[in-house]
Amino acid sequence: MSAISDDDVERVRALVAAIPRGQVSTYGDLAAAAGLSSPRIVGTIMRTDAADLPWHRVISASGTPAPHLARRQLARLHEEGVPIRDDRVVLRECRWEIDADT
DNA sequence: TTTGTGACCTGGA
DNA sequence: ATCCAGGCCACAA
């Protein structure tokens, strides 16, 4: 059996898919919005079942994602119009406020 | 079952 | 600015 409920996975997927272009969200915010106990679960879900989602719009709270992804994240985010300063996303400008209704 | 690893977060030195 | 420790939970071997 899967430790993570399908409902939780779908909830996270919906949140990630709902992130507007030009904005980003953090693992911690997504975890909190999805009602998960820990941000790591979001990371696990992404790795397992979010390959078809705009994972590039999901970053860490520091604005600096994992090294292997950072290069690609920043490039694509930059194309979407996300403000980037010296290889780190300016969360203050592009952080997406999560709404349960969207 | 236990152990190690990870697309994390926070806080302290 | 950097490095380390603790907490968190799930997945692969």
Side-chain angles (χ1 to χ4, degrees):
Chain A
M1 62 172 276
S2 301
I4 304 177
S5 303
D6 294 340
D7 187 49
D8 290 335
V9 176
E10 290 301 310
R11 197 174 304 134
V12 174
R13 287 173 54 83
L15 289 169
V16 175
I19 300 175
R21 180 177 176 280
Q23 290 190 299
V24 298
S25 185
T26 67
Y27 292 96
D29 284 358
L30 291 173
L36 298 176
S37 315
S38 167
R40 295 189 82 95
I41 302 178
V42 177
T44 300
I45 293 174
M46 303 298 271
R47 188 185 67 176
T48 57
D49 198 22
D52 59 305
L53 290 173
W55 50 270
H56 53 268
R57 292 180 186 163
V58 182
I59 60 177
S60 54
S62 301
T64 53
H68 41 274
L69 297 180
R71 182 70 177 84
R72 189 159 157 175
Q73 296 279 67
L74 296 173
R76 188 165 258 216
L77 290 173
H78 181 66
E79 290 185 70
E80 294 190 351
V82 174
I84 297 176
R85 182 182 62 172
D86 190 54
D87 291 331
R88 59 190 87 186
V89 177
V90 184
L91 291 173
R92 187 174 71 180
E93 293 294 322
C94 63
R95 188 176 186 182
W96 176 54
E97 291 292 336
I98 298 176
D99 282 328
D101 188 52
T102 48

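Quick note on labels: first sequence line is chain A, next is B, and so on, each numbered from 1.
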Engineer: From CZ of A:Arg72 over to P of B:dA7, roughly how many Å is that when rounded to an integer?
Structural biologist: 14 Å
Engineer: Check the phosphate of C:dA1 against A:Arg88, side-chain N and O only, distance under 4.0 Å to OP1 or OP2. Yes or no?
Structural biologist: yes
Engineer: Between the side chains of A:Arg13 and A:Glu10, is the shortest nitrogen-to-carboxylate-oxygen separation below 4.0 Å, so that they form an ion pair?
Structural biologist: yes
Engineer: Let me know the distance between CG of A:Leu36 and P of C:dC11, rounded to the nearest Å.
Structural biologist: 12 Å
Engineer: Take atom CZ of A:Arg76 and atom P of B:dA7, then tell me their distance rounded to the nearest Å.
Structural biologist: 19 Å
Engineer: Distance check, P atoms only: C:dG7 and B:dA7, in whole angstrom units.
Structural biologist: 22 Å
Engineer: What nucleotide, of B:dC9, C:dA10, C:dC8, holds the atom closest to the side chain of A:Ile4?
Structural biologist: C:dA10
Engineer: Using heavy atoms to find the nearest nucleotide of DNA chain C for A:Thr44 and A:Pro39 separately, return the residue whose nucleotide is more 5′.
Structural biologist: A:Pro39
Engineer: Rounding to an integer number of Å, can you tell me how far A:Asp49 CG sits from C:dA12 C1'?
Structural biologist: 17 Å
Engineer: Please classify the nucleic acid contact of A:Ile41 as base, sugar-phosphate, or nothing, using heavy-atom distances under 4.0 Å.
Structural biologist: sugar-phosphate
Engineer: Test of understanding: clusters of I, L, V, M, F, W, Y form through side-chain heavy atoms closer than 4.5 Å, transitively. Do A:Leu15 and A:Val58 belong to the same one?
Structural biologist: yes
Engineer: What's the closest nucleotide to the A:Ser38 side chain, out of B:dC9, C:dC11, C:dC8?
Structural biologist: C:dC8
Engineer: Against A:Arg88, only a single residue in A:Asp86, A:Ile84, A:Val90, A:Leu91 fulfils side-chain contact (heavy atoms from CB on, under 4.5 Å); can you say which?
Structural biologist: A:Asp86
Engineer: Can you tell me if A:Arg95 has over 12 outside heavy atoms packed within less than 6.0 Å of its CZ?
Structural biologist: no
Engineer: B:dC9 C1' sits how many Å from A:Leu30 CG, rounded?
Structural biologist: 14 Å
